[in-house]
Q: 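This is the structure I have questions about; it appears just below.
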Amino acid sequence: MAKNIISKDKDYAQWYLDVIKEAKLAEHSPVRGCMVIRPNGYALWENMQAVLDGMFKETGHQNAYFPLFIPKSFLSKEAQHVKGFAKECAIVTHSRLIDSDDGVIVDPSSKLEEELVVRPTSETIIWDTYKNWIQSYRDLPILINQWANVVRWEMRTRLFLRTMEFLWQEGHTAHATAGEALEETEKMIEVYRTFAEDYMAMPVTIGKKSEEERFPGAIDTLCIEALMQDGKSLQAGTSHFLGQNFAKAFDVTFQDKDGEVKHVWASSWGVSTRLIGGMIMTHADDDGLILPPKLAPTQVVIVPIWKNDEQLKAVLDYAGALEKELKEKGIRVKLDDRDFYKPGWKFAQYEVEGVPLRIAVGPRDVENNKLEIARRDTKTKSLVDNENVAQVIKDTLDEIQTTMFEKARKRTEDNTRTVNTYDDFKKIINKESGFIYAHWDGTTETELKIKDETKATIRCIPLDENPEPGTCMVTGKPSERRVLFARAY
RNA sequence: CGGGGCGUAGCGCAGCCCGGUAGCGCACCACGUUCGGGACGUGGGGGCCGCAGGUUCAAAUCCUGUCGCCCCGACCA
């Protein structure tokens, strides 16, 4: 047993990196802070994209693509927005290289008249474009999504969770009324919740961001927060109600039915490859990655076992027929008939890669018309009849999906606490961490004090219909409702 | 950008204190025996010891600088 993965109890950050490495998802690139996504990781992203894209289309959205480069002046049009992104921009200043005695240098004469910012997000360039697309209420709503890469010059990076360049989707919608834009904002956070819970098997809490944590330029930011295995929270997706901020900044108006010229209302929303990080930290264990069946690039791997050529033929015939049958039933199956790796090696390999279900077939099984199926999530094996096997596999995959979600849900529940005093809050945050519901007076001042003293932040203000009022655990001032605190990634 | 640690084969590391021209495990290649949980034996390939200077007859080792990575802060999807 030559396992490289170390225990997450010893060093969670290292464990996380080891899981990624062993599963061959991604690695650091030679470019500071950037990531190479390997085929295993990209296949996962493609599956996530496919599901999300389908959900976007179903909710009436279309895809489009806007430029990578944003004229510097665009970024300064919305005051809060500039403030939020100014400190983390990559800026293109020149357009040419020339040979010199010191090697290749930037040609000073190629300096751009106006610098270009590599998009940290696309609100500005999109709103500058929407200005030309919108004249009448008949042009609304605009419901567009873009799959893209963005760049944010981060100080410290972590694979998937925070890299200088990352892949994401960003939706940008324009509406005639505030109500429609708000409805869109809420609809899309619900889409993200569905995706996180039903596909990633990652339970999330929906809420609203505090003013401090809100997206720069938004009136309100809704988010989904998920609790990771180390007790820290991950912001997994956001949906912003932008009000008329960008419409005003870019002068996007339309003439309404009543003849009046009005500014349009906006939303934007996004999720990124960070979701992959969230999935790893939600499900993986000390044996490596565990992928939810609905997103796993390979749902089932068949490992044939044989000793000699005669057995090889019988086993491969048997396994090949099984592969064909599963494929026909729409299961993503792979038959690994490579002869230069031994079965034991393959078992271990597919475990670190997180393949949800493994089927082993050997001469014994051929003879008895049986199969050994092994679940990655529970590490349990069972011998089943090779009859109606596709249905059995399908059911097992569904069960894995459910079990994974339930396990994560229970863990989140077990690590969600309600506290009334700041002393209890500090004790819990330092010991178990996790989600904590507590009363807060609603001021940024108190929020920052808590952050400063405990490293915990308000992850979100829950959207319950019937909040329970109380008094702020720090200041004793009145509080409308409990809010969700945690340390965060 | 502040504080700490580390750069030696694809990966993980030893050697450095006390200079003498590079080694271990895994991986890789060949052959044979193996094959129902990461096989074993024998043989083999692979290194500008992060980079640049300096000291020295001689530098992975000592000195200076520099770049990069990791962890902890500030910042953030």
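In the text below, chain A, chain B and the rest are named by the order of the sequence lines, each starting its count at 1. Just so you know, these numbers come straight off a predicted model, no measurement behind them.
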Q: Between B:G38, B:C35, B:A77, which nucleotide gets closest to the side-chain atoms of A:S272?
A: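 The closest nucleotide is B:A77.
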Q: The side chain of A:R152 lies closest to which of these nucleotides: B:A77, B:G38, B:G36?
A: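 It is B:A77.
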Q: Identify whether any heavy atom of A:E154 sits under 4.0 Å from a base atom; if not, whether one sits that close to sugar-phosphate; answer base, sugar-phosphate or nothing.
A: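 Base contact.
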Q: For A:K342, report the nucleic acid contact type (base, sugar-phosphate, nothing); a contact means any heavy atom under 4.0 Å.
A: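 The answer is base, as A:K342 lies within the cut-off (heavy atoms under 4.0 Å) of a base atom.
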Q: To the side chain of A:I305, which of B:C70, B:C28, B:G36 is closest?
A: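 Of the options given, the side chain of A:I305 lies nearest B:G36.
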Q: Does A:L275 reach a base, just sugar-phosphate, or nothing at all? Heavy atoms under 4.0 Å.
A: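 Touches nothing.
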Q: Nearest-nucleotide wise, let me know which of A:A488 and A:G344 is further upstream toward the 5' end of RNA chain B.
A: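 The 5'-side residue here is A:G344.
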Q: Ignoring hydrogens and angles, state whether a donor on the side chain of A:S210 or A:E212 is under 3.5 Å from an acceptor on the partner side chain.
A: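 Side chains of A:S210 and A:E212: no pair found under 3.5 Å.
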Q: Using purine N1 to pyrimidine N3 plus N6-O4 or O6-N4 for Watson-Crick, or N1-O2 and O6-N3 for G-U wobble, each under 3.5 Å, what pairs with B:C6?
A: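 B:C6 is paired with B:G68.
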Q: Hey, does the side-chain of A:E351 have a donor or acceptor N/O within less than 3.5 Å of a partner on the base of B:G37?
A: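 Flag set: donor-acceptor pair detected.
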Q: Taking A:E170 for the side chain and A:Q146 for the main chain, is one N or O donor matched with an acceptor at less than 3.5 Å?
A: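 Checked: no pair found.
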Q: For the side chain of A:Q349, starting at C-beta, report the closest nucleotide among B:G38, B:G36, B:C75.
A: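 So the nucleotide nearest the side chain must be B:G38.
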Q: So, does A:R119 use its side chain to make a donor-acceptor pair with the main chain of A:P67 at under 3.5 Å?
A: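 Confirmed, A:R119 side chain pairs with A:P67 backbone.
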Q: Would you confirm whether A:D285, through its side chain, and A:G288, through its main-chain N or O, come within 3.5 Å as a donor-acceptor pair?
A: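 Answer holds: yes.
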Q: Base, sugar-phosphate alone, or nothing: which one does A:D365 contact when heavy atoms must sit under 4.0 Å apart?
A: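 Counting heavy atoms under 4.0 Å across all strands, the contact made by A:D365 includes a base.
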Q: Check for me whether the distance between the ring centres of A:W269 and A:F56 falls short of 6.0 Å.
A: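 For A:W269 and A:F56, the ring centres are under 6.0 Å apart.
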Q: Is a side-chain donor or acceptor of A:R376 paired with a backbone partner of A:Y350 at a separation under 3.5 angstrom?
A: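 It does not hold such a pair.
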Q: Return the nearest nucleotide to the side chain of A:R358; candidates are B:G36, B:G37, B:G38.
A: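 The listed nucleotide nearest to A:R358's side chain is B:G37.
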Q: Reading RNA chain B from 5' onward, which residue's closest nucleotide shows up sooner: A:P363 or A:K455?
A: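 On the 5' side of the pair lies A:P363.
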Q: Contact class for A:T163 (heavy atom, under 4.0 Å): base, sugar-phosphate, or nothing?
A: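 Since a base atom lies under 4.0 Å of A:T163, the category is base.
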Q: Between the protein and nucleotides 1-11 of chain B, list the N/O to N/O atom pairs that are separated by less than 3.5 angstrom.
A:
residue : atom : partner : partner atom : Å
B:C11   : O3'  : A:K21   : NZ           : 3.4
B:C11   : O2'  : A:K21   : NZ           : 3.1

Q: Is A:K381 side chain donor-acceptor paired with the B:G37 base, going by distance under 3.5 Å alone?
A: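 Result: at least one qualifying N/O pair found.
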